[in-house]
Each structure stands twice: as structure tokens, then as C-alpha cells.
Amino acid sequence: MIELTPRNPVPSVGIGVQPIAIAAVALVVVVLGTSSIALWRAYTGNSPEADRAASARLLQARTAQASEQLVEKTRGLEATQQESIDQLQVVQDQLQTVRRLLASQQGDTRKLSEQVGTLTEAIASLRQSFASAQATEAAAEPAARRKSAKPKPHAIRSAHRKRGKSQG
């Protein structure tokens, strides 16, 4: 059988010889470090737990204040929004009223336009009837003038009498 030998034989001196002593020294260093930190905190009165609690309380107070401000602003926005809604409702009501009035005025305007049209037609028919009446009278006058071209003696006497009475 062939024996295997390590290629680099290292003498085991140092760490492997006294592991208990190294562990004891490490334990002593940890205990001394912890003790010194505790003594330093006790001497200075500075405790991170108290600081953390104080900062947590301060943070909670700021958070509560910010929440209250947020609630107040939200209420203000709600009130403003409600006022805007109320104003919009009033404007819509006014718009409806204006629309109704406009529709009523348009109806009145249509009626008046119809009445004006009717009156225009009546005036036009009156003009036509007046014009035809004048044409009829004009045609009748020349015929009547031809017949009475010579005045009658009786008509002349009555005309003279009327003038004498009005002068005297």
C-alpha cells in the first residue's frame, strides 16, 4: 500500500495549541467593551432608549398636529365645495328662469309678428279697395260732368241766396 504524505507539512503551533485561551481572551474583551459602554451611558446620562422614546413622542405629536391640520383643511375644502355646489345650483336655477323667459318672449314675438302680418294684409286690402273705389269714382265723375255741363237756373239762384245770407 502506498502512504500519502501531505505535500506541505505545517507545524501546528499557535492557534490549534491553545483554543481555550483565545476564547477566554475574546470573552474578556467583549465583557470589557460592554461594561465600558454601560458605564459611559450611566456617567453621561445619555441613553439611546430614552432618546428614541422622546423622538418617537415628538414624531407622534408632529404626526397628530399634521393630521389635525389635514382634517381642518379637508373640512374647509368640503365647505368650499358645498358653497360652490350651492352657487352652481343658484346659477342653474337662474339659467332655467332665463330660458323660460326667453321662450315666452319668443312666443310673444311670434304672435306679434303674426299680428303685424295680419295688419299688413288688412292695410294692403284696404288700399286696394280704396284704389278701386277711387278708380270707380274717377270713371263716374267724367260722365256726371258731361251731363251737368250747363248749370241749371234753379241751382244758380239758390247759390246766390246762400251768399247773400252769409254776407248780411
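Please read all numbers here as calculations on a predicted model, not as lab measurements. These values consider heavy atoms only, across backbone and side chains, with no hydrogens, waters or symmetry-generated copies. When a residue number appears, it is its place in the shown sequence, counting from 1.
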Drop me the distance from [X]'s [atom1] to [Y]'s [atom2], to the nearest 0.5 angstrom.
X      : Y      : atom1 : atom2 : result
Leu70  : Thr63  : CG    : OG1   : 12.0 Å
Ile123 : Leu119 : CD1   : CG    : 6.0 Å
Glu78  : Arg75  : CD    : CZ    : 8.0 Å
Leu77  : Gln82  : CG    : CD    : 13.0 Å
Gln106 : Leu102 : CD    : CG    : 4.0 Å

Item checked: Greater than 12 external heavy atoms within 6.0 Å of Gln134's CD ->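 Yes.
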
Item checked: Ile20 CD1: over 12 foreign heavy atoms closer than 6.0 Å ->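 Incorrect, the count does not exceed 12.
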
Notebook entry, point to check: side chain to side chain contact (heavy atoms under 4.5 Å, CB included) with Gln92: which of Gln89, Gln96, Gln94?
Noted result: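 Considering Gln89, Gln96, Gln94, a side chain to side chain contact (heavy atoms under 4.5 Å, CB included) with Gln92 is found only for Gln89.
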
Next item on the list: Using atom types as modelled and distance alone, determine if a side-chain donor or acceptor of Thr34 lies under 3.5 Å from a backbone N or O of Val30.
Entry: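 Yes, Thr34 side chain to Val30 backbone: donor-acceptor pair under 3.5 Å.
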
Next item on the list: For the residue pair Thr109 and Ser113, establish whether any side-chain heavy-atom pair is separated by less than 4.5 Å.
Entry: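 Side-chain contact under 4.5 Å: yes.
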
